[in-house]
Amino acid sequence: MSLHPRASSDVFVPDESNTRLLRDAFGRFATGVTIVTAAAENGVAAITANSFSSVSLSPPLVLWSPDKKSRRFSYFEAATHYSVHVLSADQDDLCWAVAKDVYALNDRGLHLNAEGVPVLENCLARFECTKTAVYEGGDHVIMLGQVNRAQMREEGDPLAFFKGQMGRFTTR
Ligand SMILES: Cc1cc2nc3c(=O)[nH]c(=O)nc-3n(C[C@H](O)[C@H](O)[C@H](O)COP(=O)(O)O)c2cc1C
């Protein structure tokens, strides 16, 4: 039996009938926003992802989770290398462009790194990775990557994502 919360503080049991509620509850976790890129036969494959997380310092590992149902999943499944770009607050246009179109970065003249991955400049941080493991994660997979090279910028606010909306991080 599924429970339909009357108030936002009601407890619910996640099931097939209320995935929207679970999505909304997950959305209470404020995150940054990244763009992950990989080389594709027809140029740059890119995806906007907020599932990024740092994992380990030694060895240097990060993760992100692509949706198995995504039309662009096969690019990231096939890629041995990819690059994760942490977006700054003024990059929301890029975030939405990539969310809509896997090839949104094709005409932006991205440089290739040593492993042939197209990389963005001027992000808050960049993690150039070798894929080291893929774990089952329900309708997503968890991709673990070893960071071969990292880069960061001192100045700039992060693009923040909360309750389905973009915003800014402010310090107290
Ligand atoms: C802020 C934001 C975060 C997202 N995070 C993820 C993510 O972590 N993993 C994922 O597979 N898709 C994520 N998406 C969705 C993809 O960016 C993209 O919109 C989706 O793959 C489009 O569907 P398609 O690949 O079938 O064209 C996110 C989208 C937005 C706007």
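When a ligand or atom number is given, it counts from 1 through the structure's own listing order. Worth knowing before you read on, the calculation uses all heavy atoms, side chains too, and leaves out hydrogens, waters and symmetry mates.
Contact atoms of ligand 1 toward P66: 11 (O) (distance under 4.0 Å to a heavy atom of the residue).
R153 approaches S88 most closely through the heavy-atom pair NH2-OG, 3.2 Å. Between C123 and L87, the shortest heavy-atom distance links the atoms SG-CD2, 4.4 Å. The shortest non-hydrogen separation linking V36 to A49 is CG2-CB, 4.3 Å.
If you check which protein heavy atom lies closest to atom 11 (O) of ligand 1, you get D67 N, 2.8 Å. Residue, atom and distance of the protein heavy atom nearest to atom 8 (O) of ligand 1 are S51 OG, 2.6 Å. Nearest to atom 9 (N) of ligand 1 among the protein's heavy atoms is S65 O, 2.8 Å.
Of the possible donor and acceptor atoms, one in the side chain of N106 sits under 3.5 Å from a partner among the backbone N and O of V44. The backbone N or O of E115 sits nowhere less than 3.5 Å from a side-chain atom of H81 that would complete a donor-acceptor pair.
At under 3.5 Å, a nitrogen or oxygen of A99, whether backbone or side chain, sits near a nitrogen or oxygen of ligand 1. Checked against a 3.5 angstrom limit, the closest N/O atoms of T48 and ligand 1 fall inside it. Backbone and side-chain nitrogen or oxygen atoms of S70 are examined, and one is located within less than 3.5 angstrom of a nitrogen or oxygen of ligand 1.
Using the six-membered ring where Trp is involved, F52 and F127 have ring planes that are parallel, under 30° apart on the 30 and 60° scheme.
The option from K100, M143, M166, R71 that lies nearest to atom 27 (O) of ligand 1, judged by heavy atoms, is R71. Of the candidates D139, V141, N50, N50 brings a heavy atom nearest to atom 5 (N) of ligand 1. Relative to atom 20 (C) of ligand 1, the option among R72, K69, K68 with the closest non-hydrogen atom is R72. In this structure, of F162, W64, F161, the residue bringing a heavy atom nearest to atom 1 (C) of ligand 1 is F161.
Taking 4.0 Å as the cut-off between side-chain N and carboxylate O, K68 and E77 do not count as a salt-bridged pair.
Residue V141 is tested with W64, F73, Y135 for a side chain to side chain contact (heavy atoms under 4.5 Å, CB included); the sole match is F73.
Residue W96 touches ligand 1 through its side chain alone, judged by heavy-atom distances below 4.0 Å.
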